[in-house]
There are 2 protein chains.
Amino acid sequence: MKDFEKQVSAVKQELEDNKQRATSYDVARAAGVSQSAVSRCFKQGGSISKKMRERVQKVAVELGYQPNAIARSLITRRSNIVAVVINNNTNLYYPELLVELSRDFNKRGVHMLLFTLENESDVTNMLDQVWQYQVDGVILAAQLKDTQLNFFSERSIPFVYYNRTTESGPCNSVTCDVAEGERMLVDHLFKSKHKRFCLLTGPADSAVSKKRMQGALERLHELDVDDIQIVAGNYSYSSGYQQIKTLILEHQWQPDAIICANDIMALGAYDAAIKECNLSVPKDISIVGFDGAEPASWQSYQLTTVSQPLERMADAAVDILMQRIENSALPPEKRVFSGVFIKGKTCK
Amino acid sequence: MKDFEKQVSAVKQELEDNKQRATSYDVARAAGVSQSAVSRCFKQGGSISKKMRERVQKVAVELGYQPNAIARSLITRRSNIVAVVINNNTNLYYPELLVELSRDFNKRGVHMLLFTLENESDVTNMLDQVWQYQVDGVILAAQLKDTQLNFFSERSIPFVYYNRTTESGPCNSVTCDVAEGERMLVDHLFKSKHKRFCLLTGPADSAVSKKRMQGALERLHELDVDDIQIVAGNYSYSSGYQQIKTLILEHQWQPDAIICANDIMALGAYDAAIKECNLSVPKDISIVGFDGAEPASWQSYQLTTVSQPLERMADAAVDILMQRIENSALPPEKRVFSGVFIKGKTCK
DNA sequence: CATAATTTTGACTTCGAATTCAAAAATGGT
DNA sequence: ACCATTTTTGAATTCGAAGTCAAAATTATG
């Protein structure tokens with residue numbers, strides 16, 4: 001056995017005895033080089049000779065060495081971690097979003113720290129954690145107060161608002177053109193002679209719901225429709241079900257079209273209309289949603305809706321964020337995508 | 001202005017000028033104490049006088065200081081980060097799981113690094129990242145090869161298998177008693193005189209599907225049923241739809257009961273039976289699933305299924321993992337939960 | 001072959017918080 | 001008021017990789 005190999009296995013033995021993981025110093029010692037050399041060896045484009053690189057790499061593999069990302073982050077001031085914040089109490093369709101974001105970030109060697117918010121205290125906690133963990137950036141798929149957004153700006157942590165934006169002032173955001181989408185839906189309903197409209201909203205504090213309902217209302221007003229009833233749901237299937245059941249059976253007010261703030265509620269409304277009110281969809285009543293959630297396309301439903309281009313929106317969000325991380329001087333950017341009208345079978 | 005306040009605002013100014021975030025040294029300097037004191041102040045049960053704590057805290061707030069979690073992790077060898085790995089190409093119901101895990105971990109001040117796997121190279125990449133980021137532990141809601149599991153054991157990274165387990169040898173896992181669940185379903189069908197069974201499986205490489213289908217098969221054999229057809233799906237709604245449509249319309253073999261590897265496929269099967277084959281459920285054909293996914297309970301479906309106690313399972317997984325993180329000497333533990341039979345309306 | 005130009009290398013410092021240990025301060029008992 | 005005991009405090013070290021800079025090794029040039 002050569003001296004070289006002897007040294008390697010000695011170090012290896014020592015690490016095992018002490019149950020320690022290999023550090024760059026260990027690799028250096030085993031390979032008979034300096035720690036700097038090991039570091040450079042793992043750095044893209046580091047100034048290092050081929051011979052040295054091979055030698056170090058061989059030892060690194062032997063010892064199971066991988067650079068400690070924590071230590072690296074400390075000195076480089078780059079954690080390669082981004083926070084993704086989603087709002088849990090809304091039934092908007094986030095699962096697919098997470099997968100999509102994860103795919104995009106991983107491609108760039110960036111990792112996702114996931115935060116799910118349920119109440120206000122979660123928000124402040126999240127802000128603290130984001131700060132403590134030195135995340136490089138944040139994707140916000142949750143509604144925050146303006147003062148909470150300031151938290152990021154003050155600390156120059158780049159962030160992108162997903163599916164939301166700020167009305168006043170600049171910020172990075174990726175949204176779907178809600179007004180346009182709702183217009184398509186309303187126009188479609190109007191053209192087929194619907195007269196009495198019910199709007200089924202999301203939770204009162206949801207800006208997304210507000211935006212969508214407002215979009216629909218505006219168009220309805222433009223078309224001089226004023227037979228409108230507004231009912232408050234909370235994005236969930238059961239809220240859609242209950243609200244429509246109550247509206248029609250108890251309040252005895254029967255719309256000929258229901259415009260829902262999201263797809264899942266629309267499915268609830270659909271089931272209530274059919275099962276509870278003995279109505280036929282779309283003969284007696286039409287129903288539309290918004291999102292393009294998977295179940296909306298199932299045979300039993302085939303909901304008429306506007307589908308958000310989730311994949312492109314996720315790509316855009318990641319893109320915008322990564323750009324600001326690389327170059328903090330870039331000005332804010334709002335990217336707006338058009339939704340796709342899906343002609344289902346829940347409208348006349 | 002007192003000397004004290006003067007010093008604080010001087011430091012604050014300096015940080016702002018250099019666009020630096022406050023460190024414990026800055027706080028120490030501003031408060032006229034040592035860095036050690038600042039550190040102790042932020043440590044639960046640190047040996048520090050009330051007066052000092054208040055003084056430091058006041059300055060910390062003033063400077064917007066929060067301990068740098070990265071630096072802390074480096075010295076404490078505890079990142080307070082766990083990796084959660086989910087398999088993306090299966091349509092099992094993970095979204096709720098993520099929310100549940102997130103809630104539990106956050107309660108304990110632990111954060112989730114999310115990994116979604118799509119192919120084999122994602123796995124090796126994930127393993128490297130887990131190692132590099134010094135995660136304290138791992139929740140595995142994805143199928144891994146034995147050699148890949150060894151990666152964790154060799155490095156003594158605690159991990160918990162979710163919804164899966166190893167047959168041979170010990171490991172931490174949280175599962176639902178699949179055999180028992182399938183037995184309930186089969187028995188239910190058998191009692192109501194079903195004779196011809198179709199099993200609709202998940203993807204061939206899914207251990208979960210294998211387990212579930214095997215459970216159903218075993219019980220069927222015990223009951224001396226042998227009129228069984230096995231059809232391969234992939235957990236998705238559309239695979240369920242297509243496979244059942246094809247089976248009944250083209251192969252002209254009509255079962256009187258379909259046992260699906262998961263709920264979402266069962267819903268596809270349901271729709272295919274009704275819309276494509278003009279059958280009535282449950283009069284002509286019965287359908288059962290497994291999971292307790294949300295859409296299965298919707299009025300249009302009301303699927304008969306076995307529901308997994310997701311919340312308790314998530315709690316258990318977090319619990320087991322955190323225990324092993326605190327105390328690495330604990331022996332492995334397999335926790336098995338019973339599923340809950342949900343008598344829907346898709347069975348005679 | 002000598003010298004200049006270039007590349008490669010290693011010693012040392014840095015990032016920011018936690019911890020050890022000894023010194024200093026506060027407290028208690030008489 | 002004195003000494004013993006306990007509690008607080010701060011100086012110094014540590015974690016592991018990356019970057020700076022000067023020394024050493026290599027290559028190029030006349």
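What you see is a predicted model, and the numbers here were worked out from it, not measured in a lab. Just so it is clear: chains get the letters A, B, ... in the order the sequence lines come, proteins before strands, and each one is counted from 1.
Screening residues 63-72 of chain A for salt bridge (Lys or Arg N to Asp or Glu O under 4.0 Å) gives no qualifying pairs among residues at least two apart or on separate chains. For residues 12-44 of chain B, the ring-ring contact (aromatic ring centres under 6.0 Å, His included) pairs, not counting sequence neighbours, are B:Phe42-B:Tyr65. Pairs of residues two or more places apart, or lying in two chains, that qualify as salt bridge (Lys or Arg N to Asp or Glu O under 4.0 Å) and include a residue from residues 137-161 of chain A are A:Glu120-A:Lys145.
Taking the 5' to 3' direction, DNA chain C first and last meets chain A under 4.0 angstrom from a heavy atom at C:dT8 to C:dG16.
Ring centers of B:His111 and A:Tyr133: under 6.0 Å apart, within the cut-off.
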Just by protein heavy atoms under 4.0 Å, how would nucleotides 13-27 of chain D read 5' to 3' in B, S and -? -BBBBBB--------
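Residue A:Ser47 is in base contact, counting any heavy-atom pair closer than 4.0 Å across all strands shown.
When the side chain to side chain donor-acceptor pair (under 3.5 Å) test is applied to B:Glu326, the partners found at least two apart in sequence or on another chain are B:Arg78. For B:Arg21, the salt bridge (Lys or Arg N to Asp or Glu O under 4.0 Å) criterion is met by no residue, not counting sequence neighbours. Here B:Glu14 pairs with B:Arg29 under the side chain to side chain donor-acceptor pair (under 3.5 Å) rule; sequence neighbours left out. Judged as a side chain to side chain donor-acceptor pair (under 3.5 Å), and not counting sequence neighbours, B:Arg40 has no contacts. A search for salt bridge (Lys or Arg N to Asp or Glu O under 4.0 Å) contacts involving A:Arg312 returns nothing, not counting sequence neighbours. Under the side chain to side chain donor-acceptor pair (under 3.5 Å) criterion, A:Thr23 pairs with A:Asp26, not counting sequence neighbours.
One end of the helix from C:dC1-D:dG30 to C:dT30-D:dA1 points its axis 30° away from the other end's axis, with each axis taken from 5 pairs and the angle rounded to 10°.
When the P atom of D:dT9 is taken as reference, atom CZ of B:Arg55 falls 10 Å away, rounded to whole Å.
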